[in-house]
Amino acid sequence: MVPRSENLRPWWARVLLFFTWRKRGGVMPEKIIPVYNPAEIEPRWQEKWERDGLYHADIDPTRPKHYALTMLPYPSGDLHIGHWYAMTPSDARARFKRMCGYNVLFPMGFDAFGLPAENAAIKRNIHPKEWTYKNIANMRRQLKSMGAMFDWRREAISSDPEYYRWTQWFFVQFFKNDLAYRKMSPVDWCPNCNTTLAREQVWGEDRHCERCGTPVIKKDLEQWFFRTTRYAEELLNYDGIDWPEKVRDMQINWIGRSEGASVIFTTEDGQPIEVFTTRPDTLWGATFMVLAPEHPLVEGLTTPDHRAEVEAYIAQAVRQTDIQRESTEKEKTGVFTGGYAINPVNGRRIPVWIADYVLMSYGTGAIMAVPAHDERDFAFAIKYGLPIIPVIERPDGISKSLVFPGSVDDSFESGLKQAGISYTKAPVGSAGEGLFVTLQRDQVQPYVALMRRYLKPENWNEIVGTQWLFIFNDGVIELDSVEADREILERCKKLYPPVQGNRTVMEMLSHLPFYQDVLFHAEYGTMIHSGEFSGTPGTEAKRAVTTWLEKQGKGKATVNYRLRDWLISRQRYWGAPIPIIYCPHCGAVPVPEDQLPVLLPDDVEWKPTGESPLKLHPTWRFTTCPQCGAKAERETDTMDTFMCSSWYHLRYLSPHYDQGPFDPKEYDYWMPVDTYTGGAEHATMHLIYTRFFHKALRDLGITRGNEPMLQLRNQGQILGPDGQRMSKSRGNVVDPDEQVRLYGADTVRAFMMFGYRWAEGGPWDPGSIQGVNRWLRRVWLTLLEPGEGKASESLLKALRRKAHQTLRSVTRDFEQFEFNTIVSALMELMNEMVKAKQAGAYGSPIWNEVTEMYLKMLAPVAPHISEELWGLLGKPYSVHTQAWPSFDAEAAREEEITLVLQVNGKVRDRLVVPADIQEEDAKRLALENPAVQKFLEGRTARQVIYVPGRLVNIVG
RNA sequence: GCCGAAGUGGCGGAACUGGCAUACGCGCGCGACUCAAAAUCGCGUUCCGAAAGGAAUGUGGGUUCGAUUCCCACCUUCGGCACCA
């Protein structure tokens, strides 16, 4: 028994201890009513349940299984209120499932490798292992105070050699099956954590480290990767699993599938430059190419006179990624290589530029630039004066034309009016009033005719938007090619010298605000200026061009993904060593499976140097090659801890099994996980990795089925009372141990369910938890303290009805993870029971039946008080092995209903009527009703709507 | 910019399939018990109005006899992604 300080709960001292128990019909002996003392009750029951193995989950083929899993904690030192929020409602649901007849496995363990242990080692000079295992001991104690149904025999700790032996074993399987590979590449590096990070661990606009917030830098390093991209397509498929839309959307977004074509451009000397595009229908508008600065062809394309500039740009680009990239600066930069490429669709020679807005890591690191139909290419082309040729019609058919003051005869305006063309008149600079004309598709031709008639000599007019026409005195030129662009520009410069500074027609037009919104668009539309494809409608264009490219051997349909392979190397000590030996003769050789685990040595220096501490160990890294026996060296990097958590649900099945990562018998019975709960912040990390892992293992014949977890539900986050994220520096952290001391675990558990929409979370409210505590104390006294009198039959029947209605909603809400309404329904029923008791219901058979139901429904929410009351009321141990009450629809049925009377949709009266009232009777009662009469104000009812069991609405 | 979620009393939130808006709890007010306080119990508590009544679920429209719920547009907050070709 844990002693507790009385001054924390002075109100208990005041509770009367002795009552006279007077049962209806006879006088019972005096009986002691104990005080509700969670500090005494809770540890007592926790110990007994553990002693009895009450929550042991063993294979039992006679019962349906339910594998309920909640994300395992990192042993940071202390349990957070967030852990309670995540785990206790999950526990309640697991308990509910158990009472419903399922054989429920609800395990717990620790994700015990990872950086904080090393940081603690550096800061406090304590060994990471010692720090970790001390924390585990403390957190295990705290977890036990929840009174959850964890089966501790199945505890798994990822830093135990018997665990990471199999983490390493999985690595070896992946290595042998070409799912793990090593490559030199620019990787994200956290200068504070001194290690590389997976792409998923780099967050935000400023690309900071997920763990410590430091902006990451790029480093060229030889690192180990898993081929997650091989499963990109399959990871997009969620058939047969019930996961939140939010998580699915985040993953789908992250995987980033895009359909398009790869197209082969060539350099002038015939070298292929492959690009990926989602818009092959815009190929004719590709007026230049852009390569990533690190693209391998840059070297060969650069001409001597551009070399200095190109090299300077590359150096600058590298430095930019190496220093923190200023993310706000989005102005596009780039330089011309001096080289040219050939556009395969029309044989035109186009300049090749390099720019850092093209990423080496996506697609092929090279793009065809279509400035007329891509926002970034447009901005780049305007900036550097590259030609912009529209090749897709605007779907809205709108064109615009600005008629300069004095450029047309006066009768032009009346001509416009006659043709029904809309325009506005406004000053153009200081030159006088111009006409701002907006043309629909079929108005372009009449407009051209009109313009040709009234255009004064030495002037021109342009039509831009859907059609691109320049009207001169001697003819019309269409902006359909680079040559046309040049010719138009030259003529304009001659006619109006102020435009001389412009390098392209589009640049000239871009200075006019009226045209701003029609110069560029990225929509699908009819192809124009595209040779034989001109006129192809937008709905077919992409497919038609792709098919043609394939036939011509110039390209093919391609799907590209944003997802990248998973970088798993970490230059840190406290992790599972990557089981690879580098031999000068045999290369990278996996450690033979019978020699696993590769044990982590205890005697290391863990100074942060940027290299794995294992590398600095005097002896550990030196070994011999398992293949040829030559002197060899171990890989000194360790594995990303997400590797450990990708399969912990399998280790729980048999944490001490030594013939494999898990006992197949256990696997066959328990897998897949039926319900998985945890935070949505893992959507693009753990939850993708673990799906990848399962699918990869399935293909290696180790697991079965396509998905590891059938149902996923996310809880939100508990914030501090100030609405901010809890953190020690803000001083707004709520300590669960303290809350347990104040109110008991049952109250904390119930409050975690009651206070929030589980998926949302919210700020901690110190007042609300007291309300929950008050309720449990009320339950205690109401059930134990005898009452007097004899209640009427109808009252008892109503009590029983309420109990079954509660059972119906509680059952439904448990299934749907709606924990707040479970508690409120139980509170409501308790309020009814208190009233019924005051009316003399106590001790009657129905009272006893309802009490029993109540404790069973309360058991998953507040397991200790339910067990204690169950025992005190003389029922056989344990309430937690009872079957969930069975619902009696007849008992729950209402005999009377409140019939709502509406006139024109407004409530005017309510009548209590028999539940089985007939339609005519209901309508008649409504029409006769004085309040209804009053509001009808003598009008006759035009329509009477009857909703059975609910309302009559009279429309008058 | 793109994807997604959410906006209901002073607060957390409820309302199942389009049918009594504001359950349950917090807070607040009044009362009982008490020498007193705490605790507990009872009553009240969306807003306006003396009342009859009226208004209200982010804003504006629409569908409907009837909309927190369905449709359209917009605003705000939060989460994710972000030069992704």
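Chain A is the first sequence line, chain B the second, and so forth, proteins listed ahead of strands; every chain is numbered from 1.
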Would you say the side chain of A:Asn953 and the base of B:C65 hold a donor-acceptor pair, judged only by whether the two atoms sit under 3.5 Å apart? yes
Less than 6.0 angstrom separating the ring centers of A:Tyr85 and A:Tyr756, yes or no? yes
A:Lys923: partners by salt bridge (Lys or Arg N to Asp or Glu O under 4.0 Å), with sequence neighbours left out: A:Glu919
What residue pairs, at least two apart or across chains, pass side-chain hydrogen bond (donor to acceptor under 3.5 Å, both in side chains) with a residue in residues 361-376 of chain A? A:Ser258-A:Tyr362, A:Asp374-A:Arg376
CG on A:Leu829 to CG on A:Leu807, rounded to 0.5 Å: 10.0 Å
Roughly, in whole Å, what's the span from CZ in A:Arg564 to C1' in B:A82? 12 Å
In whole angstroms, how far is the P atom of B:G53 from the CG atom of A:Asn904? 16 Å
How long is the line joining CZ of A:Phe754 and P of B:G13, in whole Å? 11 Å
What's the CD-C1' distance between A:Glu375 and B:C84, to the nearest Å? 14 Å
When only distance counts, do a donor and an acceptor, one from the side chain of A:Arg910 and one from the base of B:C20, lie under 3.5 Å apart? yes
Rounded distance in Å - CE (A:Met752) to C1' (B:G12): 12 Å
Could you measure between the two C1' atoms, the one in B:U63 and the one in B:G54, and give it in whole Å? 26 Å
So A:Arg908, base contact, sugar-phosphate only, or nothing? Heavy-atom distance under 4.0 Å. sugar-phosphate
In whole angstrom, give me the gap between the P atoms of B:G25 and B:U40. 13 Å
Residue-level proximity of residues 755-766 of chain A to RNA chain B when a heavy atom falls under 4.0 Å: A:Gly755, A:Arg757, A:Gly761
Please state the P separation for the pair B:C24 and B:A15 - nearest whole angstrom. 13 Å
Quick one: do A:Arg812 and A:Glu818 make a salt bridge, cutoff under 4.0 Å? no
Whole angstrom is fine here: how far is it from CD in A:Glu828 over to C1' in B:C24? 6 Å
Atom NZ of A:Lys246 and atom P of B:C3: how far apart are they, to the nearest Å? 17 Å
Value for OG1 (A:Thr277) from CD1 (A:Ile367), rounded to nearest 0.5 Å, stands at 9.0 Å
Considering only heavy side-chain atoms of A:Trp254, the closest of B:A82, B:C41, B:C24 is B:A82
Straight-line distance of A:Tyr524 OH to A:Thr282 OG1, nearest 0.5 Å: 9.0 Å
Pick base, sugar-phosphate or nothing for A:Val358, based on heavy-atom distances below 4.0 Å to the nucleic acid. base
Residue pair A:Tyr743, A:Phe751: steps toward the ring-ring contact (aromatic ring centres under 6.0 Å, His included) verdict: CA-CA 10 Å; A:Tyr743 306 109; A:Phe751 178 58; 8.9 Å; no
Salt bridge (Lys or Arg N to Asp or Glu O under 4.0 Å): pairs with one or both residues in residues 895-904 of chain A, sequence neighbours excluded: A:Lys797-A:Glu895, A:Arg801-A:Glu895
More 5' along RNA chain B: A:Gly905 or A:Val834, using each one's nearest nucleotide? A:Val834
Tell me what A:Asn831 touches on the nucleic acid: a base, only sugar-phosphate, or nothing, going by heavy atoms under 4.0 Å. sugar-phosphate
How would you list, by chain and number, every residue that makes a salt bridge (Lys or Arg N to Asp or Glu O under 4.0 Å) with A:Asp188, sequence neighbours excluded? A:Arg207, A:Lys218
For RNA chain B, the dot-bracket pattern of Watson-Crick and G-U pairs whose distances stay under 3.5 Å, | for other-strand partners: (((((((..(((......[....)))((((((.......))))))(((....)))..(((((..]....))))))))))))....
A:Thr684 or A:Ile769: which one's nearest nucleotide on RNA chain B is closer to the 5' end? A:Ile769
Taking only side-chain nitrogens and oxygens of A:Arg778, does any of them come within less than 4.0 Å of OP1 or OP2 of B:C41? yes
Measuring centre to centre across the rings, with the benzene-like ring taken for any Trp, is A:Trp353 within less than 6.0 Å of A:Phe380? yes
Taking atom P of B:U64 as reference, at what distance in whole Å does atom NZ of A:Lys906 sit? 18 Å
A:Gln770 near the nucleic acid: base, sugar-phosphate alone, or nothing, with a heavy-atom cut-off under 4.0 Å? nothing
